[in-house]
Number of protein chains: 2
Amino acid sequence: MTVIFSKKCEIGLQAVLFLSTQNSNTLFNAHKIAEKVKQPKEFVSKVLQILTKSGIVGSKKGKNGGFFLAKSPAEVKLIEIVLAIDGKSVFENCVLGFPACSNDNPCPVHNQWGKLRDEAYLMLSKESLSDLKYKTLKKIVSL
Amino acid sequence: MTVIFSKKCEIGLQAVLFLSTQNSNTLFNAHKIAEKVKQPKEFVSKVLQILTKSGIVGSKKGKNGGFFLAKSPAEVKLIEIVLAIDGKSVFENCVLGFPACSNDNPCPVHNQWGKLRDEAYLMLSKESLSDLKYKTLKKIVSL
DNA sequence: CATATATCAGATAAATTTTTCTGATTTAAT
DNA sequence: ATTAAATCAGAAAAATTTATCTGATATATG
């Protein structure tokens with residue numbers, strides 16, 4: 001099982017993180033990216049299609065084509081990738097699975113989870129891909 | 001999609017929370033519990049079997065049988081239910097899905113997520129079912 | 001213009017998770 | 001004893017998610 005994001009989303013995050021460490025003039029095809037993040041090529045390709053539609057990633061068809069970061073790494077936050085792939089339900093639904101969990105009708109851990117959820121959102125919104133670049137490089141190299 | 005726990009686990013948490021608001025001398029059969037937490041009877045029954053094996057819930061077979069909290073609500077923490085059903089992988093795996101994420105080989109958000117993960121663990125370990133009783137009652141009534 | 005190599009779109013397959021079903025066993029009550 | 005009502009165990013079905021395949025289209029290059 002994944003932690004809080006879907007597998008799709010994890011792969012999307014990994015792929016974008018990888019792209020952010022590379023010169024955005026250089027294209028990487030799905031095969032190359034899949035190899036870098038050690039994930040199945042077709043799945044990576046599918047996820048990159050989603051991210052292409054949402055404008056985070058750009059693609060070029062045909063020979064010597066591939067994918068690239070469509071925005072400057074300084075402008076992209078991880079939260080964008082999460083929202084584009086998994087949507088916002090992780091940040092809205094009750095952690096215990098109760099329906100209609102809200103301030104007016106809270107579950108037993110509503111406030112505590114609310115705080116953690118907001119901090120998680122912040123964690124993904126605060127730093128840009130360029131802020132994370134050094135750490136990302138170190139991690140990618142180790143894969 | 002669920003937030004961080006599986007559906008099994010959500011139902012387990014809800015069922016145990018419900019039981020903790022009731023006199024532990026009284027038995028509730030799967031049908032009744034399912035009705036209370038508004039979830040499919042057979043699924044509730046399956047999850048209660050898991051919790052019975054792990055000793056959190058007790059069961060009595062035969063006519064007038066049913067389930068009950070096997071421990072005092074003052075002794076049970078939500079984390080026990082989570083570990084019994086989903087295991088500890090949520091608290092161990094990399095939130096970005098990278099393999100071998102560790103202090104020696106951290107992902108770009110390793111430390112930040114580590115903090116949140118620990119706080120989530122604490123949130124589930126700190127208060128007992130009896131501490132949560134008032135809040136639980138209020139929520140259950142509203143379902 | 002022809003060819004090789006990409007993405008892209010959508011269908012299909014496989015795997016996993018969720019849900020339901022069936023039958024066996026247990027037990028209280030008559 | 002017999003019966004009714006419950007858990008329990010495991011299989012089966014349905015749904016969802018993950019992964020793969022196929023064919024169409026696009027494009028750089030010779």
Side-chain angles (χ1 to χ4, degrees), chain A residues 1-15 19 25-35 37-70 82 84-87 89-90 93 97, chain B residues 1-15 19 25-70 82 85-87 89-90 93 97:
Chain A
M1 263 229 314
T2 57
V3 177
I4 51 172
F5 306 131
S6 68
K7 197 95 222 285
K8 263 204 201 91
C9 191
E10 288 184 355
I11 289 178
L13 287 163
Q14 294 176 13
L19 286 175
N25 302 31
T26 338
L27 298 181
F28 292 85
N29 64 32
H31 174 71
K32 195 77 189 168
I33 296 172
E35 203 172 82
V37 299
K38 300 265 199 311
Q39 299 283 3
K41 171 181 170 299
E42 289 85 0
F43 202 4
V44 168
S45 162
K46 261 272 162 291
V47 172
L48 287 171
Q49 280 173 35
I50 298 173
L51 292 176
T52 301
K53 270 185 191 151
S54 61
I56 295 164
V57 161
S59 72
K60 185 154 169 269
K61 287 185 175 184
K63 190 169 183 180
N64 299 334
F67 297 93
F68 56 93
L69 250 199
V82 171
I85 299 178
D86 277 353
S89 71
V90 196
N93 294 349
Chain B
M1 264 228 314
T2 58
V3 176
I4 52 171
F5 306 131
S6 69
K7 197 94 220 287
K8 262 204 203 92
C9 190
E10 288 184 354
I11 288 179
L13 288 163
Q14 294 176 14
L19 286 174
N25 303 30
T26 338
L27 299 180
F28 291 86
N29 64 31
H31 175 71
K32 195 76 188 171
I33 297 173
E35 203 172 81
K36 288 293 183 183
V37 301
K38 299 265 200 312
Q39 299 282 2
K41 171 181 171 303
E42 288 84 2
F43 201 4
V44 168
S45 162
K46 261 271 161 294
V47 173
L48 286 171
Q49 281 173 37
I50 299 173
L51 291 176
T52 301
K53 268 184 191 151
S54 62
I56 295 164
V57 162
S59 73
K60 183 152 170 272
K61 287 186 175 183
K63 191 167 180 182
N64 299 334
F67 297 94
F68 57 93
L69 249 199
V82 170
I85 300 178
D86 278 352
S89 71
V90 196
N93 295 347

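Quick note on labels: first sequence line is chain A, next is B, and so on, each numbered from 1.
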Trainee: Check nucleotides 14-18 of chain D for protein N or O atoms closer than 3.5 Å to its own N or O atoms and list the pairs.
Mentor:
from: D:dT18; atom 1: OP1; to: A:Lys7; atom 2: N; distance (Å): 3.2

Trainee: Look for any protein N or O under 3.5 Å of an N or O in nucleotides 21-25 of chain D and output each such pair with its distance, or none.
Mentor:
none

Trainee: Is any side-chain heavy atom of A:Leu27 closer than 4.5 Å to a side-chain heavy atom of A:Asn64?
Mentor: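 A side-chain contact is absent here, since even the closest heavy-atom pair is not under 4.5 Å.
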Trainee: Contacts to DNA chain D from residues 32-41 of chain B, heavy-atom cutoff under 4.0 Å, which residues?
Mentor: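 The stretch gives none, as no residue of it lies under 4.0 Å from the strand.
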Trainee: Take atom CZ of B:Phe68 and atom P of D:dA6, then tell me their distance rounded to the nearest Å.
Mentor: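 Distance, rounded to whole Å: 16 Å.
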Trainee: Of all residues at least two apart in sequence or in a different chain, which pass the side chain to side chain contact (heavy atoms under 4.5 Å, CB included) check with B:Gln49?
Mentor: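 B:Gln49 satisfies side chain to side chain contact (heavy atoms under 4.5 Å, CB included) with B:Ser45, B:Lys46 once adjacent residues are dropped.
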Trainee: Expressed as a whole number of angstroms, how long is the span from A:Lys60:NZ to C:dC8:P?
Mentor: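 That distance rounds to 12 Å.
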Trainee: Whole Å only: how far is the NE2 atom of B:His31 from the C1' atom of D:dA5?
Mentor: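 Between C1' of D:dA5 and NE2 of B:His31: 12 Å.
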Trainee: Please report the shortest heavy-atom distance between A:Phe68 and A:Ser59, naming the atom on each side.
Mentor: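 Nearest heavy atoms, A:Phe68 then A:Ser59: CE2-N, 3.5 Å.
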Trainee: Once rounded to the nearest 0.5 Å, what's the spacing between atom NZ of B:Lys7 and atom CE of B:Met1?
Mentor: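 Reported value, rounded in 0.5 Å steps: 13.5 Å.
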Trainee: For A:Ala34, check side chain to side chain contact (heavy atoms under 4.5 Å, CB included) against everything at least two apart and list the hits.
Mentor: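 Residues passing side chain to side chain contact (heavy atoms under 4.5 Å, CB included) with A:Ala34: A:Lys41, A:Val44.
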Trainee: In whole angstrom, what separates A:Leu48's CG from D:dA19's P?
Mentor: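 Atom-to-atom, A:Leu48 to D:dA19, this comes out as 14 Å.
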Trainee: Test of understanding: with side-chain hydrogen bond (donor to acceptor under 3.5 Å, both in side chains), list the residues that count as partners of B:Gln14, not counting sequence neighbours.
Mentor: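 side-chain hydrogen bond (donor to acceptor under 3.5 Å, both in side chains) check on B:Gln14 returns B:Gln39.
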Trainee: Look up atom OG1 in B:Thr52 and atom NZ in B:Lys60, then write down how far apart they are to the nearest 0.5 Å.
Mentor: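 NZ of B:Lys60 is found 14.0 Å from OG1 of B:Thr52.
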Trainee: Could you please name the option among D:dT7, D:dA28, C:dC8 that lies closest to any side-chain atom of A:Lys63?
Mentor: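 Of the candidates, D:dA28 comes closest.
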Trainee: Rounded to whole Å, how long is the line connecting atom CG of B:Asp86 with atom C1' of C:dT17?
Mentor: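 Rounded to whole Å, this separation is 11 Å.
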Trainee: Tell me: CZ of B:Phe28 to P of D:dA6, nearest whole Å?
Mentor: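 Going from B:Phe28 (CZ) to D:dA6 (P), I get 13 Å.
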Trainee: Tell me whether the side-chain N/O atoms of A:Asn64 come closer than 4.0 Å to OP1 or OP2 in D:dT29.
Mentor: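 Affirmative; the distance criterion is met.
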Trainee: With A:Phe28, which residues qualify under side chain to side chain contact (heavy atoms under 4.5 Å, CB included), at least two apart?
Mentor: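 A:Phe28: side chain to side chain contact (heavy atoms under 4.5 Å, CB included) contacts with A:Phe18, A:Leu19, A:Gln22, A:Thr26, A:Lys32, A:Ile33.
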Trainee: Rounded to whole angstrom units, what separation is found between the CD atom of B:Gln49 and the P atom of C:dT26?
Mentor: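 Nearest whole value for this atom pair: 15 Å.
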Trainee: Give A:Thr52 one of three labels, base, sugar-phosphate or nothing, depending on what nucleic acid heavy atoms sit under 4.0 Å from its own.
Mentor: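 Counting heavy atoms under 4.0 Å across all strands, the contact made by A:Thr52 is with sugar-phosphate only.
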Trainee: Work out which heavy atom in B:Val47 is nearest to a heavy atom in B:Lys8; give both atom names and the distance.
Mentor: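 Nearest heavy atoms, B:Val47 then B:Lys8: CG1-O, 3.5 Å.
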Trainee: Quick one: list whatever passes side chain to side chain contact (heavy atoms under 4.5 Å, CB included) with A:Ala84, sequence neighbours left out.
Mentor: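 By the side chain to side chain contact (heavy atoms under 4.5 Å, CB included) rule, A:Ala84 matches A:Leu51, A:Ser54, A:Ile56.
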Trainee: Grab the CG-P distance between B:Leu27 and C:dT27 for me, whole Å please.
Mentor: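 The distance from CG of B:Leu27 to P of C:dT27 comes to 13 Å, rounded to the nearest Å.
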Trainee: What residues, two or more places apart in sequence or in another chain, satisfy side-chain hydrogen bond (donor to acceptor under 3.5 Å, both in side chains) together with B:Ser6?
Mentor: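 By the side-chain hydrogen bond (donor to acceptor under 3.5 Å, both in side chains) rule, B:Ser6 matches B:Asp86.
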